[in-house]
Amino acid sequence: MPHEFEVREEIALDATPEQVWEAIATGPGVDSWFMGRNEIEPREGGRTSQEMMGFTSEATVTAWEPGKKYALRTAENPDGTFMAFEYLIEGRGGGSTVLRFVHNGFLGDDWEAEYDALKVGDRMYLRKLAVYLRNFVGRIAAHNVFAVGPQVADGDRVWSAFKDVLGLTGAQVADGDPVRLAVEGLPPADGVVEFARHPNFLGVRTDEGIHMFIHGHQDAVVVEHHDFSGSVDGKDLDAAWQSWLARTFA
């Protein structure tokens with residue numbers, strides 16, 4: 001039996017309404033901070049698609065007011081489940097913006113665990129959007145990695161692995177902590193912790209990329225990497241992160 005849900009979030013962004021719109025309502029903009037490869041038909045009633053891990057999901061644009069409001073809704077599945085997303089943009093002084101986000105619909109049998117994951121995950125993705133707009137606005141990711149590892153029930157083990165690959169040695173991880181990202185097959189990179197929510201989400205920025213490390217729904221370990229440099233071939237980026245996941249959680 002499907003269960004209705006709703007998540008509401010609000011975030012202040014260091015960007016103009018026009019810049020926020022480009023980030024949330026164009027395919028290349030969404031690619032630069034969200035997940036998968038995205039295409040958006042720019043009109044109400046238009047189609048959207050998201051390709052990820054060999055699968056493509058589609059939705060319909062239900063509201064299209066450039067610079068103000070963007071919404072989309074997936075088709076209803078045979079079990080009655082679907083998801084809908086709404087973004088409301090409000091400009092503020094000094095070239096800043098408040099973004100209000102609503103995520104609702106119906107979830108399936110595992111709805112409680114999925115809802116708990118969405119409540120946290122939605123907030124973290126908005127934090128990642130803020131990192132993009134503050135540091136890479138106007139730039140488009142050359143490649144974005146969405147690497148899924150094994151299911152690992154031990155949250156402390158996963159968090160420790162995240163810290164190790166980032167060179168973090170303190171007992172606690174805090175915003176602003178310096179990192180030294182070292183992954184076999186990729187050039188090392190210095191960066192900073194942008195947000196941390198133990199034990200599930202850790203967001204990091206380097207000069208040429210945004211990374212998010214996730215211990216998510218059903219204990220899946222995920223690494224996301226948006227590369228803005230184009231200095232490493234996308235296939236090599238994917239392979240390096242998949243190899244790290246396989247070695248680390250063998």
Side-chain angles (χ1 to χ4, degrees), residues 11 13-15 19-20 22-24 26-38 50-53 121-149 158-169 173-198 200-216 220-249:
I11 188 169
L13 299 169
D14 296 328
Q19 290 169 331
V20 175
E22 286 295 315
I24 66 172
T26 69
V30 176
D31 289 351
S32 298
W33 65 274
F34 196 48
M35 61 179 82
R37 183 63 61 186
N38 298 269
Q50 181 186 73
E51 182 181 353
M52 188 168 60
M53 299 174 59
D122 285 346
R123 185 175 305 119
M124 295 300 102
Y125 275 101
L126 291 179
R127 293 285 301 273
K128 186 146 71 96
L129 169 62
V131 174
Y132 168 67
L133 289 168
R134 188 167 57 247
N135 298 281
F136 299 100
V137 66
R139 298 177 64 181
I140 301 301
H143 185 74
N144 56 335
V145 174
F146 188 86
V148 179
V158 174
W159 192 256
S160 178
F162 292 167
K163 289 174 59 180
D164 286 347
V165 77
L166 294 168
L168 291 165
T169 57
V173 179
D175 296 2
D177 283 350
V179 304
R180 176 71 168 175
L181 182 62
V183 180
E184 185 176 327
L186 299 179
D190 293 319
V192 62
V193 173
E194 288 281 0
F195 54 89
R197 189 185 189 282
H198 178 272
N200 300 111
F201 288 88
L202 182 51
V204 167
R205 171 183 53 85
T206 65
D207 287 343
E208 297 295 345
I210 302 171
H211 304 74
M212 188 157 77
F213 299 83
I214 306 169
H215 188 211
V221 182
V222 178
V223 174
E224 297 182 8
H225 176 185
H226 302 267
D227 172 54
F228 294 90
S229 71
S231 61
V232 180
D233 183 79
K235 291 182 180 179
D236 292 336
L237 284 174
D238 290 335
W241 281 114
Q242 286 294 168
S243 179
W244 178 79
L245 287 165
R247 290 193 312 272
T248 303
F249 301 106

TODO: Starting from the C-alpha separation in whole Å, work towards a yes-or-no answer on side chain to side chain contact (heavy atoms under 4.5 Å, CB included) for Phe195 and Val131.
DONE: CA-CA 9 Å; Phe195 54 89; Val131 174; 4.1 Å; yes
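- The two residues Val148 and Met53 come nearest to each other via the heavy atoms CG2-SD, 3.5 Å.
- One finds the NE2 atom of His211 at 8.5 Å from the CG atom of Leu166 (value rounded to the nearest 0.5 Å).
- Looking only at side-chain heavy atoms (C-beta outward), Leu126 and Arg123 stay at 4.5 Å or farther from each other.
- The nearest pair of heavy atoms linking Phe136 to Thr206 is CZ-O, 3.5 Å.
- In this structure the side chain of Phe34 reaches within 4.5 angstrom of the side chain of Gln50, judged on heavy atoms.
- Residue His226 is tested with Lys128, Glu208, His143, Arg139 for a side-chain hydrogen bond (donor to acceptor under 3.5 Å, both in side chains); the sole match is Lys128.
- Using cut-offs of 30° and 60° on the angle between ring planes, the pair Trp244 and Phe213 is perpendicular.
- Put simply, CZ on Arg180 and CG on Asp190 are 4.5 Å apart, with the number rounded to the nearest 0.5 Å.
- Distance OG/Ser243 to CG/Asp236: 11.5 Å, rounded to 0.5 Å.
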TODO: Dump the intermediate steps for side chain to side chain contact (heavy atoms under 4.5 Å, CB included) on Asn135 and Glu194, then the final yes or no.
DONE: CA-CA 11 Å; Asn135 298 281; Glu194 288 281 0; 3.8 Å; yes
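- Scanning all heavy atoms of the two residues, the minimum distance from Leu202 to Ala196 falls at CD1-CB, 3.7 Å.
- In this structure the side chain of Glu224 reaches within 4.5 angstrom of the side chain of Met35, judged on heavy atoms.
- Counting heavy atoms from C-beta on, the side chains of Arg37 and Asp31 come closer than 4.5 Å.
- Ring geometry, Tyr132 versus Phe228: the interplanar angle falls under 30°, so the pair is classed parallel (tilted spans 30 to 60°).
- When atom types are taken as modelled, the side chain of Asn144 and the backbone of Gly36 share a donor-acceptor pair closer than 3.5 angstrom.
- In this structure, Thr248 and Val221 have side chains that are not in contact, with every pair of non-hydrogen atoms separated by 4.5 Å or more.
- Ring to ring, Trp159 and His215 are not that close: their centroids are 6.0 angstrom or more apart.
- The closest side-chain heavy-atom distance from Tyr125 to Leu129 is not below 4.5 Å.
- Of all the heavy atoms in Ile11 and Ala130, the pair that sits closest is CD1-CB, 4.1 Å.
- Between Phe146 and Val222 the shortest side-chain heavy-atom distance falls below 4.5 Å.
- Around atom CZ of Arg134, more than 12 heavy atoms belonging to other residues, nucleotides or ligands sit under 6.0 Å away.
- With Ser32 contributing its side chain and Ile140 its backbone, the two residues share no donor-acceptor pair below 3.5 Å.
- Using a 4.5 Å heavy-atom threshold, the side chains of Leu168 and Val193 count as touching.
- Of all non-hydrogen atoms in Leu245 and Gly149, the two that sit nearest each other are CD1-N, 3.6 Å.
- Note that the CD atom of Gln19 and the CD atom of Glu22 stand 9.5 Å from one another [nearest 0.5 Å].
- The backbone N or O of Val145 lies less than 3.5 Å from no partner atom in the side chain of Trp241, so there is not a single donor-acceptor pair.
- Residues Ala174 and Asp177 come closest through the heavy atom pair N-OD2, 2.8 Å.
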- [ ] Show your working on side chain to side chain contact (heavy atoms under 4.5 Å, CB included) between His225 and Leu181 and close with a plain yes or no.
- [x] CA-CA 12 Å; His225 176 185; Leu181 182 62; 5.8 Å; no
